[in-house]
Amino acid sequence: MEEVTINALIINFAYVVSAALFILGLKKLSSPATARKGNMLSALGMLLAVVVTLLDQSIVDFKWIAVGIIIGGVIGATVARVVAMTVIPEMVALFNGFGGAASLLVGWSAIAPGQSSFTITTIFLSILIGGMTFTGSLIAYAKLSEKMPGRPLLFSGQQIVNSVLILSIIGCGVMFVNDPSNVLWLYSAIAISVVFGVLAVIPIGGADMPVVISLLNSYSGLAACAAGFAVENNLLIVAGSLVGASGIILTQIMCKAMNRSLSNVLFSGFGAVKTTNTKIEGEVKPLTPQDAYYILEAASSIAIIPGYGMAVAQAQHVVKELQELLEENGAEVVFGIHPVAGRMPGHMNVLLAEADVSYDLLMEMDDINPRMANVDVAIVIGANDVVNPAAREMEGSPIYGMPVINVDHARTVFVLKRSMASGFAGIDNPLFFKDNTRMIFGDAKESIGQMIREFS
Amino acid sequence: MEEVTINALIINFAYVVSAALFILGLKKLSSPATARKGNMLSALGMLLAVVVTLLDQSIVDFKWIAVGIIIGGVIGATVARVVAMTVIPEMVALFNGFGGAASLLVGWSAIAPGQSSFTITTIFLSILIGGMTFTGSLIAYAKLSEKMPGRPLLFSGQQIVNSVLILSIIGCGVMFVNDPSNVLWLYSAIAISVVFGVLAVIPIGGADMPVVISLLNSYSGLAACAAGFAVENNLLIVAGSLVGASGIILTQIMCKAMNRSLSNVLFSGFGAVKTTNTKIEGEVKPLTPQDAYYILEAASSIAIIPGYGMAVAQAQHVVKELQELLEENGAEVVFGIHPVAGRMPGHMNVLLAEADVSYDLLMEMDDINPRMANVDVAIVIGANDVVNPAAREMEGSPIYGMPVINVDHARTVFVLKRSMASGFAGIDNPLFFKDNTRMIFGDAKESIGQMIREFS
Amino acid sequence: MEIVFLTFILVLSIFLGFELINKVPATLHTPLMSASNAISGITLVGALAIAGSTSDPVMANWLAVGAVTLATINVVGGYMVTDRMLAMFKKKAGK
Amino acid sequence: MEIVFLTFILVLSIFLGFELINKVPATLHTPLMSASNAISGITLVGALAIAGSTSDPVMANWLAVGAVTLATINVVGGYMVTDRMLAMFKKKAGK
Amino acid sequence: MLIAVPREQYPGENRVPMIPDSVKKLIRAGATIHIETGMGNGAGFSDEQYSEVGATIVSDRAALLTEADLVLRLRKPAIEEVDLLKSGSVHISFLDPFNERELVEKFQAKNISSISMEMVPRITRSQKMDALSSQANLAGYVMVVKGTDALDRILPMMMTPAGTLKPAKVFIIGAGVAGLQAIATAKRLGAKVTAFDTRAVVAEQVQSLGAKFLDIDLGETGQTADGYALALTPEQLQIQLDGQKAEIADSDIVITTAQLFGRKPPVIVTADMVAAMKPGSVVVDMAAENGGNVEGSVAGENVVTANGVKIIGSGNWPNEVPRDASQMYSSNLFNLVDEFWDEEAKTFTLDFENEISGCVITHEGSVVNQMIAKHYA
Amino acid sequence: MLIAVPREQYPGENRVPMIPDSVKKLIRAGATIHIETGMGNGAGFSDEQYSEVGATIVSDRAALLTEADLVLRLRKPAIEEVDLLKSGSVHISFLDPFNERELVEKFQAKNISSISMEMVPRITRSQKMDALSSQANLAGYVMVVKGTDALDRILPMMMTPAGTLKPAKVFIIGAGVAGLQAIATAKRLGAKVTAFDTRAVVAEQVQSLGAKFLDIDLGETGQTADGYALALTPEQLQIQLDGQKAEIADSDIVITTAQLFGRKPPVIVTADMVAAMKPGSVVVDMAAENGGNVEGSVAGENVVTANGVKIIGSGNWPNEVPRDASQMYSSNLFNLVDEFWDEEAKTFTLDFENEISGCVITHEGSVVNQMIAKHYA
Ligand SMILES: NC(=O)c1ccc[n+]([C@@H]2O[C@H](COP(=O)([O-])OP(=O)(O)OC[C@H]3O[C@@H](n4cnc5c(N)ncnc54)[C@H](OP(=O)(O)O)[C@@H]3O)[C@@H](O)[C@H]2O)c1
Ligand SMILES: NC(=O)c1ccc[n+]([C@@H]2O[C@H](COP(=O)([O-])OP(=O)(O)OC[C@H]3O[C@@H](n4cnc5c(N)ncnc54)[C@H](OP(=O)(O)O)[C@@H]3O)[C@@H](O)[C@H]2O)c1
Ligand SMILES: NC(=O)c1ccc[n+]([C@@H]2O[C@H](COP(=O)([O-])OP(=O)(O)OC[C@H]3O[C@@H](n4cnc5c(N)ncnc54)[C@H](O)[C@@H]3O)[C@@H](O)[C@H]2O)c1
Ligand SMILES: NC(=O)c1ccc[n+]([C@@H]2O[C@H](COP(=O)([O-])OP(=O)(O)OC[C@H]3O[C@@H](n4cnc5c(N)ncnc54)[C@H](O)[C@@H]3O)[C@@H](O)[C@H]2O)c1
């Protein structure tokens, strides 16, 4: 693109526009209300970019391009349409892998005699990152779709091998930049990057794959960016670096949500230990009050089940406020009061009356249990024994046969308590390990306070 | 800068760095905790930019530059150091004006034969915007420093004059771009822009000046940006457009805070009416709960004075939560209970007890009045008669002689009520018009709820 | 000089990227990921560009066409999947 | 081509500007304003650049030197005033 | 200036007009205080406590009264005792002037300035002397305690392993000072509270205490400048009765505080309404002593109807909490005296410029209070 | 299966063992119910209400008892009446087996399965049959109402134009079921509540009701598996007494609920402590009937000490709210019967696998309850 054809100008301004569209898209994507629109926008941007780019093409290769686009489009579309919702993470991984591969190829094909060593470097980078993104994503896919054991695969001396690889990558890099004509370096670079991608991911446990994917996604962004430098295309740079940056952030956010550090996740040894840990604990799924808010915001029917913990936390006032906010938000809120909740008969009544919760909202156990199946979210506030499914399920349990509030029948259950400790009866509670249960750890008053602050 | 000297490369990368510094600076500036650091950072960026630019200079003009820098530096520094805090808004206006003037001159001096019409256009823009920013800011300065009547100056046919000006500006622009050599167009352009700046601002009331300044500030950013295009300097473009964009946003935020629309502010007719309005009402100063939060956050001693309105709003529970949050934040909070607050003896006690506010925090009128002078913020929640200074000040008043809680002796007073309506005794309340009073209109429960949500 | 501009662009977009994704609800993590993944399919454009202007047609074409195919999968698939996810999300939030 | 880059830069920085100043406390409005106002003094750099490389020394110099002077006032004054404001703000928030 | 505080003589009256604390304040203000032996006993204050703060204990009641320049007491005096008072002296107490014409004329004849605590104008500034409010306020609380004690159920809701106990329903008629405090107290105990009042303005006040206001459209109803309700027309009263029927039948406790200033209180709970209530439920009639809001209530007694409904008419409610009641009345008195206290002369001097002087009934041998004068005319 | 419910005969007892609602449930479960004439009157239930739900009203008490397969009642039977019962029949009521050896041996001799409501084990699952808790709970509420009624002050704080009334101080000793409910009720009324209990675990429970827990370090104190407190050593008791002195002297109302399961309750408020209290203040002794926590309390009476402190020992607290008390006891009974009800045979059949059978005292001619057996041995 040395001399400026008017055509090129148009194209580039179109690029500016589509870059803007990507940005807007991402912005909107970060709020539930506008997310879908955002996705459309960025898709639009993409379309625009592709179309104008095609304007630039000589008819000769056009048919090949057409072939590529059609094949790819069909595959992508069908896959995207047919796959079950549950396997979407795998899909994302797979797509991401293709993206990486694409960058690899672009970089590769961008090689031309007499390029500045800067250009060569970027080319090399795009190949490298592209390659490892490719295989890395494939492994991630395999692990998620259980085509391959989800548990971390470790072999002794892994670290060493990795370091060796990294060194040799650098080596190849240097050589390649010095003498681009020598394809050997190129091929070995490709080979190594591909291998490295595999080795980087296998030692990470299936549970951590989402994080990995998000990271690889950010890489593929960087790959695109590098490719952009290679072919001197601003849009690639902008879009690529956007994805790169946001990907990193997103990865960090995800780590925070599962309170892990990124290094925890990546560095095999640790990653492995950690994951097995969680296995032992069964699947306890913690949730931050902030995230809890987003689920509550979308819920239309909510049941609050208070217990002794609400009393200890003196959370009745915030509970009342939460109830009001939820109602303003259009949800229907009821309280399910178990006869023995608390430490004295009517303990919950005293507190809720103090907080001025209308009597009409208080439902007895026998009235609320039947409708539990239609409850979107059951919020268990410092209750334990009185919502313990063991009373139904575990013949042996000391409380077997005692009627409890069947929160586990609700679509989602939030349990607000400080720890995994047991309640008055001193027995474990299988509820905490159910699929639809999310544990919100911390003093109930604190946690609810934080949820409330999300409303605004 | 057609051919790339290594020098130029260094400079430009330095620019990249200082751009980054500006960005970081702005980011930090938007949170109280980090603001000062932010300012430092962006100053650093500026320094860097200047220094590296100087590297580029031939010694010849260097002395002139030195002269300019020294003069400017001295003036700026002294002014900035000596001025009283109270006149800072004027100062900002003034500085902004100089910025504008600078852009004007830069644009002017950038003119050179044989420039592309694009460059010419940008030059023209930088001159134009620079010029109107200059005079506009001067007027703003004059109005704020009462060197000139703060009230809107209106003359009939203003609209027409303005439209004429705008047209002629466009006219000049076209002509100038076609034939840059003809300085006439240039001078007239400058003249007009200067005049326009004046006319644009005089019809706006002194109360609205902050908004205007912020807007002009954003303009001077755009001017710089235009200048950047003119002299093909990326840093100018980046910094300029950053300021431009953020300036616009800031302006909008400010308008929201005074719940006005930007057009309200700008379009003389309305501007005028509005400002006179506020005059009539005396100086009632409304405040948003959000902003109230920032003041509360900085306060160390707070007194809450509840009245009948708290009961009506059933705000006792949120009040209690606010108290707790303030205490967590390190402030000391007490409640001042007037004996006749509410509609029955002990009305406030009933409610606060319900919300479980510790009895030890409740102070009688006679105990709290003496310490009122040391209270940072007195929050009056739906009280009116019981905090009415008329009881002390206005011989005639029906409640003259009744002891009241002297909230007006506190440093700042927040009054939470729905309107300017009077209370049970049906008499007006001078408190609402005092300098240190801020009215937070709306249902007390709502308002406090919003403050609470700011804590997080 | 280009390289300067490019770096500028790079730096700016990185900052922007950070700013944009500052705090997203966990509910949106996956959609967001797959959306930005789709964006990273922008290499498609690069591929197209190459596929046209390259010194070694035959070889490059094959690579490029490969690139185009893969990138297209990434783009099309990515956007559609994202949309599907968000669609159900919307439904819930909708009521 | 430059102009393309420049527009890219423009667009990106505008977006960035918006993102950065999204919600600032009223307490910070004035400081923020005067800080960004100081930044807009960046014209100084332009002025400096010109003052060196221009076709018509005499005339341009005077203009440029004027520009330098004014811009410097804007920059120096702007930053210092801002700092003063923030200083007292800090004190209050500090305790 | 000699201020005398005789001992209350009304049978069963435990409240006392002055507590040592207020006596102290008056003495500090420069007054000389004589109190009758045992004046404070009812509320648990010993003579010692008074002498400690500087009062003189006098055992001879007659002497006490004859010497006094200013007499402070709670209940209206026996007519004979007025004869003992000095001409030109001042007498402050409840007087019930609307019904005690004879007594008032006695004051007039003896040229005594008599002040009626009932007549303290109801302006914001004067609330600290408003003994009607301070006592009514306590009455509101006491009535709920009595009602709760008499009820065969508990007030709050309780969901317990042994089944759920529904909250008791309390219906309060008349949401003035007493009514509002009753509402607050019943709410505190966890009852479901509904209230009604003829003055529409109080609906908001009722809700401000978290209770329900029963909506009955009576059309135009008024209130005096002092905030007292005007009497209803017979039609309106009928509408009210019909409107309340259902609510009353459904309530566990009904408390009536409906008063008409200076008039006989209206009958607002009829026998058939009581008959319609559940056995074991309770009706508290605040006004029992002076006529009663409830048909079948007996002044000063608790009766049980045929269908097992308890009607509590014990009356003199604040007397159930004599300590607090005395403290409040005593400071009402002090504030009133203080209002007209002449710093220099250290005397009590009425100032008819001051609107609060509206509480003066007789002065210099004539009935100066217009309302009363009109009432007699 | 014929279930008989005789009328309670203890003087002044208004609670009834079965309310119509529970009777209905039992009949639905397939039982035949005979009740004695007027059985429900005390709590306001008429014979009609019972016959309506299908019970047979029997006027001949002797006949009623002799025919019964299962007898349900509230208080322990008179020994003579045990003779009337069928051998092999079942008898459920409070029995106080620790002190009623003679009665228990009578049951044994007559080969009657006797079940003591006191002995229902305190496991989470059995709370719905736990009559001690359900009645103690109401007692907690009633004691506060009584105390409030007796006090010469109001409980809540009030800042009024006539000065500020400080909140009353309430001190509650023993924070078990009754104690906690007392705390809650006093809190509701706005009192400043402090509580103490020997079982450290309840400190948190007390705070969970917004009350203050008085810290006295007694060293090692225990509680049984059922959560009952163990007796203190003399030294510990002394420490406790000293620790409470100040608090008690400072309190307006002191409520004692300290019990030791199956033992005489400890004396925890001594005469000198009472003497140190303000005149007009009140002490409520829950345990007055069986020994008492308070020195000088008289079972079933309210005494006023020399220094004017009222000691309330009226006892049988739940009886003050017979309607609710009966409802709760009745559903406790129903739940217990239901627990051992044989769906097919439609009979009450004890199952000694079920831990709740711990409440059975005698069965097939022997004392099956270990604790009691040990106690007698
Ligand atoms: N109602 C009665 O009359 C009565 C009387 C005596 C005993 N009981 C027994 O008490 C139990 C009542 O059941 P329940 O579910 O209400 O209580 P629970 O089973 O005792 O569980 C209470 C839970 O609240 C949590 N918690 C404590 N403090 C908290 C805080 N500040 N914030 C958040 N969570 C907190 C605790 O978990 P963390 O420690 O992890 O936070 C605990 O697991 C039953 O077993 C019942 O038999 C009842
Ligand atoms: N304590 C007693 O025993 C007693 C008895 C009778 C009368 N009074 C009289 O009542 C008065 C008490 O003084 P006060 O200051 O407590 O009350 P007030 O003077 O009546 O003022 C109450 C204020 O609250 C505001 N308000 C009402 N609803 C509100 C809501 N939902 N949110 C926010 N603000 C609300 C109203 O202004 P907006 O409408 O603008 O919101 C009103 O100005 C005194 O005059 C006293 O004499 C007292
Ligand atoms: N200084 C002041 O501002 C001040 C001081 C005290 C009281 N007040 C106001 O004065 C008003 C009356 O005070 P009060 O309690 O002494 O009045 P009150 O004792 O004379 O009457 C008690 C209540 O009974 C109501 N009532 C009368 N007839 C009724 C009927 N047929 N049905 C139902 N209710 C009926 C009245 O409206 C009043 O609310 C109150 O609103 C109070 O707020 C004002
Ligand atoms: N199923 C269950 O889980 C269940 C059911 C009911 C009660 N409980 C628990 O059982 C415990 C005891 O119940 P209760 O109220 O029937 O006990 P109780 O009636 O036997 O005793 C009342 C209280 O007095 C206390 N006490 C004893 N000696 C004392 C002394 N010297 N000083 C101060 N306090 C003293 C006891 O600790 C107890 O808290 C309670 O904690 C209750 O929570 C558990």
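Side chains are part of it too, since the values below use all heavy atoms of this structure and drop only hydrogens, waters and symmetry mates. Every value quoted in this text rests on a predicted model; they were computed, and no experiment measured them. Residue numbers begin at 1 in each chain, while the letters A, B, ... track the order of the sequences.
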Point to revise | Top contributor to chain E interface from A131(F), P156(F), P279(F) [non-hydrogen pairs under 4.5 Å] | key: P156(F)
Interchain donor-acceptor contacts below 3.5 Å (chain E, chain F):
from, atom 1, to, atom 2, distance (Å)
Y141(E), OH, L155(F), N, 3.2
K146(E), NZ, D149(F), OD1, 2.7
D149(E), OD1, K146(F), NZ, 2.7
D152(E), O, R323(F), N, 3.2
R153(E), NE, D324(F), OD1, 3.1
I154(E), N, D324(F), OD2, 2.8
L155(E), N, Y141(F), OH, 3.2
A162(E), O, S331(F), OG, 3.0
T164(E), O, Q327(F), NE2, 3.3
R323(E), N, D152(F), O, 3.3
D324(E), OD1, R153(F), NE, 3.1
D324(E), OD2, I154(F), N, 2.8
Q327(E), NE2, T164(F), O, 3.3
S331(E), OG, A162(F), O, 3.0

Review point. Top residue by heavy-atom pair count (under 4.5 Å) with chain F, among G308(E), A325(E), P322(E)?
Key: P322(E)
Revision key, fill the gap. Cut-off 4.5 Å, heavy atoms of chain E, and the answer for L151(F) is backbone
Review point. Which region of M129(F), side chain (C-beta onward) or backbone (N, CA, C, O), has a non-hydrogen atom less than 4.5 Å from a non-hydrogen atom of chain E, or is it both or neither?
Key: neither
Check your understanding: Which pairs count as salt bridge (Lys or Arg N to Asp or Glu O under 4.0 Å) when at least one residue sits in residues 176-185 of chain E, sequence neighbours excluded?
Key -> none
Practice item. Go through the steps for V145(E) and L155(F) under the test side-chain contact (heavy atoms from CB on, under 4.5 Å), then give the verdict. Key: CA-CA 11 Å; V145(E) 172; L155(F) 261 54; over 6 Å; no
